[in-house]
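Taking it in order: structure first as structure tokens, then the write-up.
The basis for the numbers below is simple: all heavy atoms, side chains too, and nothing from hydrogens, waters or symmetry mates. Order of the sequence lines sets the chain letters (A, B, ...), proteins ahead of strands, with each chain counted from 1.
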2 protein chains.
Amino acid sequence: MITPSREDYLETLFHLESEGVASTTQAIADHLQISAASVSENIKKMAIERFVVHSPYKGVKLTAKGRAVAIDVVRRHRLSERFLVDKLGIKWEEAHREAHRLEHGLSRAVEVRMFELLGNPETCPHGNPVPTLSGKIRDDHSHPLASLNVHDRARIVKITDEEPKQLRYLASIGLMPKTQIRVERKAPFGGAVIVRVGETAYALGNDIARSIWVRKTG
Amino acid sequence: MITPSREDYLETLFHLESEGVASTTQAIADHLQISAASVSENIKKMAIERFVVHSPYKGVKLTAKGRAVAIDVVRRHRLSERFLVDKLGIKWEEAHREAHRLEHGLSRAVEVRMFELLGNPETCPHGNPVPTLSGKIRDDHSHPLASLNVHDRARIVKITDEEPKQLRYLASIGLMPKTQIRVERKAPFGGAVIVRVGETAYALGNDIARSIWVRKTG
DNA sequence: CTCCTGATTTAGGTATACCTAAATCATACA
DNA sequence: TGTATGATTTAGGTATACCTAAATCAGGAG
């Protein structure tokens, strides 16, 4: 049985793998806000059920079976976010948390109709691609903000941070998907980036910059 | 903590009390499709937490605290049904089941915005009143179909049956809220009722008639 | 008024999903 | 090449939420 808890684990693994982060017990525990011991136990069971491959003391990887379920959950999550923001006017920075409550309750039939109602959206409100019904994820050809050079112009593609606090800040300075930016200055060694949005320049720390993905326009 | 399971119990108790049915262990077990033993245990715990009053071997009653939560769940349920039918085009007879999956995931904020999106609906698609945010339930002044006399004309107010099978049948003959009907004949002792809908007369068994509530129009 | 029957509860058991504390492992550095 | 340190797993425990089988209760028929 795929319980809401299982869905959360699979979703977490998908996120970590997408970000290129190793899916360690601790990383999963941090993301789910539970103890590493609980994660260890649960991962062991999910390995028996072939959702993941687990090399004890090494790491966890989604199997094709696990990835299929994970992508299904991610699709429901991102559609829920779209619905909450576009149809209900829920705040951009709250959409993630609210969608997390909603996503487990969407049947396939409801999810399919919701996709139509929303006009077959390609992304969530933060710019992350909505997987297709068949589980494909479009490449958005985006690159980390830090990969830009000074004076490059770019358009924001997506923001992968999920914390309301950070998202609220980014929204307040207009840094959202589709926003045009220009790199004014860069600190060395992957430090802060100074970015111009409209008429104003903002310094973005390493942490927040890592969650901003862009496509060069200039 | 009010878990989805707890919400289901409270919702069930609300339904049984609304229908004037005694909330026996067995009635609850039948409604939730679980064993009477499980219900007995769980009711004991819910009594300790003051959601219900339990007289062992006698019966269960919602407390004010339990009723408040129950009404909250019912509100979310009926709004979900409205949303599913009006916005997503989910079939009338499937709305109940789907709403049951969805209702547990709606936060207060989402529920409030959904209510607005739906145009402040007064009823669910089956005609049951949507409780107000403050927990009030409008009296719909409806009466059981069986209370009508031969040749009475009436308008359907609500249908309290939740089974897709029965609902599909009723929808197929046009028997839904707002439908005008006329009682053609009545079998004695609360037996079948023969009802005219449009040009056609249909015999409705006792079971199904009990779930149809009407307001006299003639 | 007793007994039978069906409803209810209790006893004992399972699975999930969490926890803390203790044991174990991997590896980086000294 | 040890060794200590931090990550991971195991051990042991709790709470929820279900189950079947057995015991107990209540109320109607005789």
[N], OP1 or OP2 - any side-chain N/O from [X] closer than 4.0 Å?
X	N	answer
A:Ser5	C:dC18	yes
A:Tyr9	C:dT16	no
B:Asn42	D:dT16	no
B:His54	C:dT8	no
B:Ser35	D:dC19	yes
A:Ser38	C:dC18	no
A:Lys44	D:dT10	yes
B:Thr3	D:dA17	yes
A:Thr24	D:dA7	no

Distance check needed: [N] [atom2] versus [X] [atom1], whole Å only.
X	N	atom1	atom2	result
A:Asp8	C:dC18	CG	C1'	13 Å
A:Ile48	C:dA17	CD1	C1'	15 Å
A:Tyr57	C:dA26	OH	C1'	9 Å
A:Glu41	D:dT14	CD	P	15 Å
B:Lys58	D:dC25	NZ	P	13 Å
A:Glu7	C:dT16	CD	P	16 Å
B:Met1	C:dT16	CE	P	22 Å
A:Gln26	C:dA26	CD	C1'	15 Å

Salt-bridge criterion met for [X] and [Y] (N-O under 4.0 Å):
X	Y	value
A:Glu111	A:Arg108	yes
B:Arg101	B:Glu98	no
B:Arg78	B:Glu81	no

Requested in this report: Compare every heavy atom of A:Pro129 with every heavy atom of A:Asp140, then report the nearest pair and how far apart it is.
Outcome: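 Taking A:Asp140 first and A:Pro129 second, the nearest heavy atoms are OD2-CD, 4.1 Å.
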
Query - Non-hydrogen atoms of A:Ala22 and A:Ala27 that approach each other most closely - result: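 Between these two residues, the closest heavy atoms are O-CB, 4.0 Å.
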
**Report entry** Given DNA chain C, 5'-ward residue of the pair B:Val39 and A:Lys45, judged by closest heavy atom
**Finding:**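 Result of the comparison: B:Val39.
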
